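Worksheet for the structure shown next.
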Amino acid sequence: MFITFEGIDFSGKSTQIKLLKDYITEKGKDVLVIREPGGGEIEEKIRNILLDKKNLEMTPETEILLFSASRAQLVRKTIIPALEKGTIVISDRFHDSTTAYQGYGRLLPLDTVLKISEFAIKGAIPDITFFIDIPVAEARKRKIEQGHDTLDRIEKMEDDFFGRVREGYLDIARKEKRFRILNGCEKKDDVHEMILKELMRTGLTNV
Ligand code: TMP
């Protein structure tokens, strides 16, 4: 089973992933949590290039190819082997991030974005995707609380960009049956309960 979490920056994905991981581990099941971009040694090197605040000259085309390069490596070396062993894989972001950020956010042509993703993921489509939705104003509030100095190259983008990314996610949610929209402004325990309920309702009772 392959579960992915999506959302604009500061949506609280990581908190929910940790709660779900602990829940599955307590049940004695094998679970692997990965993050994108990143995961393995090569992928983490690509992540550093992508998020380095000094790389302001990076073009959207370079950006999508680097995100996809990291994903191609992770899919082949980690995700597919783990799924084949029956491990439950939870990924903090996956190809929908590329559609939302590079397609809707950076305004790259969507048909090209989808083709690049298709090539990178080798058919590893998630079984279910949780989109933790928060308004851009809430993301801005959380970003200010975190402090400007710690922000990476993409977190530093302006509100308009995140507005387009959020709209992109909502658009994908309308098209993709595997998408579940959750309100990221609710209490974290309530969101967690909704995730568990949704997994049961969808028949992903293996969790
Ligand atoms: P993170 O902050 O959730 O670890 O994600 C890293 C940043 O990279 C985040 O700002 C979203 C962005 N991103 C993309 O723009 N495209 C992608 O395909 C992925 C996976 C992440």
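It should be emphasised that the depicted structure is a prediction, and the values quoted were computed from it without experimental measurement.
A donor-acceptor pair under 3.5 Å is absent between the side-chain atoms of Thr62 and the main chain of Met58, judged by distance alone. The backbone N or O of Ile181 sits nowhere less than 3.5 Å from a side-chain atom of Asp133 that would complete a donor-acceptor pair. With hydrogens and angles disregarded, a donor-acceptor distance shorter than 3.5 Å links the side chain of Lys143 to the backbone of Glu155. Here the side chain of Lys197 pairs no donor or acceptor atom with the backbone of His192 at under 3.5 angstrom.
For the salt bridge (charged side-chain N to carboxylate O under 4.0 Å, His left out) condition, the pairs that include at least one residue of residues 33-51, sequence neighbours left out, are Arg35-Glu44, Glu36-Arg71. Residue pairs meeting the salt bridge (charged side-chain N to carboxylate O under 4.0 Å, His left out) criterion with at least one member in residues 8-18, sequence neighbours excluded: Asp9-Arg93, Lys13-Asp92, Lys18-Asp22.
The minimum heavy-atom distance linking Ile134 with Ile8 is given by the pair O-CD1, 3.7 Å. The nearest pair of heavy atoms linking Ile46 to Leu66 is CG2-O, 3.4 Å. When all heavy atoms of Thr25 and Val31 are compared, the closest pair comes out as OG1-CG1, 3.5 Å. For the pair Cys185 and Pro135, the tightest heavy-atom approach, listed with the atom from each and the gap, is SG-CD, 3.7 Å. Looking at every heavy atom in both residues, Gly12 comes nearest to Arg142 through N-NH1, 4.1 Å. Of all the heavy atoms in Gln102 and Ser97, the pair that sits closest is OE1-O, 3.9 Å.
Within the model, atoms CD of Glu193 and OH of Tyr23 stand 8.5 Å from one another, a figure rounded to the nearest 0.5 Å. Distance NZ/Lys27 to CD1/Ile24: 9.5 Å, rounded to 0.5 Å. Distance check: Arg180 CZ to Ile195 CD1 gives 12.0 Å after rounding to the nearest 0.5 Å. Put simply, CG on Leu107 and CG on Leu110 are 9.0 Å apart, with the number rounded to the nearest 0.5 Å. With values rounded to the nearest 0.5 angstrom, Ile154 atom CD1 is found 6.5 Å from Leu50 atom CG. The distance from the OG1 atom of Thr112 to the NZ atom of Lys115 is 6.0 Å, given to the nearest 0.5 Å.
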- Checking side chain to side chain contact (heavy atoms under 4.5 Å, CB included) for the pair Phe179/Arg174: CA distance, chi angles, key distance, verdict? CA-CA 8 Å; Phe179 251 66; Arg174 281 189 282 271; over 6 Å; no
- Message: Checking Glu167 against Asp171 for the side chain to side chain contact (heavy atoms under 4.5 Å, CB included) test, could you report, in this order, the C-alpha distance in whole Å, the side-chain angles of both residues, the deciding distance, and whether it holds?
- Response: CA-CA 6 Å; Glu167 286 307 317; Asp171 218 25; over 6 Å; no
- Query: Could you walk me through whether Tyr101 and Phe162 pass the side chain to side chain contact (heavy atoms under 4.5 Å, CB included) check?
  - Reply: CA-CA 8 Å; Tyr101 278 77; Phe162 289 109; 4.1 Å; yes
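Counting non-hydrogen atoms of other residues, nucleotides and ligands closer than 6.0 Å to NZ of Lys141 gives a total of 12 or fewer. More than 12 heavy-atom neighbours from other residues, nucleotides or ligands sit within 6.0 angstrom of CD on Glu61.
Its side chain within the 4.5 Å cluster rule, Phe2 clusters with Leu32, Ile34, Leu74, Val75, Ile79, Ile80, Leu83, Val89, Phe94, Ile121, Ile125 among the Ile, Leu, Val, Met, Phe, Trp and Tyr residues. Summarising the hydrophobic clusters (Ile, Leu, Val, Met, Phe, Trp, Tyr; side-chain heavy atoms under 4.5 Å, direct or chained), the residues clustered with Leu19 are none. The hydrophobic cluster around Phe10 extends to Leu151, counting ILVMFWY residues whose side-chain heavy atoms fall within less than 4.5 Å of a member.
The cluster map of Ile, Leu, Val, Met, Phe, Trp and Tyr, joined by side-chain heavy atoms under 4.5 Å apart, puts Ile116 and Ile172 in different clusters. In the hydrophobic clustering of this structure, Leu196 groups with Ile3; members are Ile, Leu, Val, Met, Phe, Trp, Tyr whose side-chain heavy atoms approach within less than 4.5 Å, directly or through other members.
Between Arg178 and Thr4, the side chains place no donor N or O within less than 3.5 Å of an acceptor N or O (distance only, hydrogens not considered). Looking only at atom types and distance, the side chain of Asp96 has no donor-acceptor partner in the side chain of Tyr169 under 3.5 Å away.
A salt bridge links Glu63 with Arg153: the distance from a Lys NZ or Arg NE/NH1/NH2 to an Asp or Glu carboxylate oxygen falls below 4.0 Å. Using a cutoff of 4.0 Å between basic side-chain nitrogens and carboxylate oxygens, Lys156 and Asp152 are not scored as salt-bridged. Taking a cutoff of 4.0 Å between a charged side-chain nitrogen and a carboxylate oxygen, Arg201 and Glu198 qualify as a salt bridge.
The ring pair (Phe, Tyr, Trp, His ring centres under 6.0 Å) test applied to Phe5 returns Phe130, not counting sequence neighbours.
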